[in-house]
Amino acid sequence: MFPLADASFHFLMPYRFCPLCGSSRFEVSGVRSRRCADCGFELFQNASAAVAGFIVDAQGRLLVCRRAKEPARGTLDLPGGFVDPDETLEQAVCRELTEELGCTPASCRYLFSLPNRYEWGDVVVPTTDCFFRCTLPEGAPLAAHDDVEAICWLPLSDVRPADFGLRSIACAVERFLRLKIEN
Ligand SMILES: [Zn+2]
């Protein structure tokens, strides 16, 4: 099973004031919630959805990105990102790959999901990372954009999960290599 370090961790610990009325009496009310003692508003921490794509070319090479930004800046990553409000997972993976690679995928097929914790400054955001097997139009030119510093193709035999800085991505790469998922 996917390892999560500290099950007792409270995601809303950094949120000290009620986001509705500004009261400082914004108290822990459950393992994933805080409730305002003044206005009664209760905030629950749910997981944010995120997507990432596995793209393998005809030569059996995996498309990998080098992260341009924190967290895990400079480490390897898969193309992807957070799902916007009012968007499906399928739309999100298509949009994120288009934004980051400069190329719209020809197809995206859902594979599996993994829970993760995304560190964003002092805040830790729980995420559900959803992984897709994607293909690109043949011969399409690629260009690194957005959160991506560089794009490269790695032979699957040279792909090492430990080189991927985000934990769920590393776990997903390990699982993908084990599954030897075909096109
Ligand atoms: Zn309040």
Side-chain angles (χ1 to χ4, degrees), residues 1-54 65-101 104-105 108-132 134 144-149 161-162 164-176:
M1 194 51 210
F2 186 69
L4 289 177
D6 178 8
S8 66
F9 179 83
H10 203 293
F11 290 98
L12 295 179
M13 204 46 77
Y15 299 86
R16 292 178 296 127
F17 300 97
C18 173
L20 283 196
C21 76
S23 168
S24 61
R25 296 171 67 209
F26 193 45
E27 296 156 0
V28 169
S29 57
V31 291
R32 282 178 291 280
S33 62
R34 274 186 184 264
R35 188 177 181 283
C36 178
D38 286 321
C39 76
F41 175 69
E42 190 161 19
L43 179 67
F44 291 89
Q45 178 68 75
N46 298 312
S48 295
V51 291
F54 286 97
C65 301
R66 196 164 291 281
R67 293 180 61 79
K69 297 176 185 170
E70 296 294 351
R73 183 180 174 182
T75 66
L76 294 187
D77 199 2
L78 297 172
F82 282 102
V83 179
D84 283 343
D86 301 324
E87 190 175 49
T88 67
L89 294 177
E90 293 82 357
Q91 287 168 336
V93 71
C94 189
R95 176 184 53 75
E96 284 287 346
L97 267 56
T98 303
E99 287 173 6
E100 295 188 346
L101 308 177
T104 301
C108 295
R109 180 169 59 89
Y110 177 76
L111 295 175
F112 56 82
S113 65
L114 290 172
N116 195 26
R117 293 179 180 189
Y118 188 85
E119 292 180 27
W120 186 250
D122 293 336
V123 173
V124 178
V125 180
T127 68
T128 304
D129 294 353
C130 305
F131 294 90
F132 286 77
C134 303
H145 293 293
D146 216 18
D147 302 340
V148 175
E149 183 182 284
F164 291 77
L166 299 179
R167 183 174 50 181
S168 82
I169 301 291
C171 287
V173 167
E174 190 181 354
R175 184 162 167 182
F176 183 80

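First listed ligand is number 1; within each ligand, the first listed atom is number 1. Hydrogens, waters and symmetry mates play no part in the numbers below; they use all other heavy atoms, side chains included.
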* Could you walk me through whether F9 and F11 pass the ring pair (Phe, Tyr, Trp, His ring centres under 6.0 Å) test, one step at a time? => CA-CA 6 Å; F9 179 83; F11 290 98; 5.2 Å; yes
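Closest approach of P71 and Y118 over heavy atoms only: CD-OH, 3.4 Å.
Of all protein N/O/S atoms, those lying under 2.8 Å from the Zn ion (ligand 1) come to 4.
Residues satisfying the ring pair (Phe, Tyr, Trp, His ring centres under 6.0 Å) test with F41, not counting sequence neighbours, are none. Remark: V31 pairs with no residue by the side chain to side chain contact (heavy atoms under 4.5 Å, CB included) rule, at least two apart or across chains. The ring pair (Phe, Tyr, Trp, His ring centres under 6.0 Å) search around F26 returns none, not counting sequence neighbours.
Between F54 and F112, the ring planes are tilted. Angles from 30° to 60° get that label.
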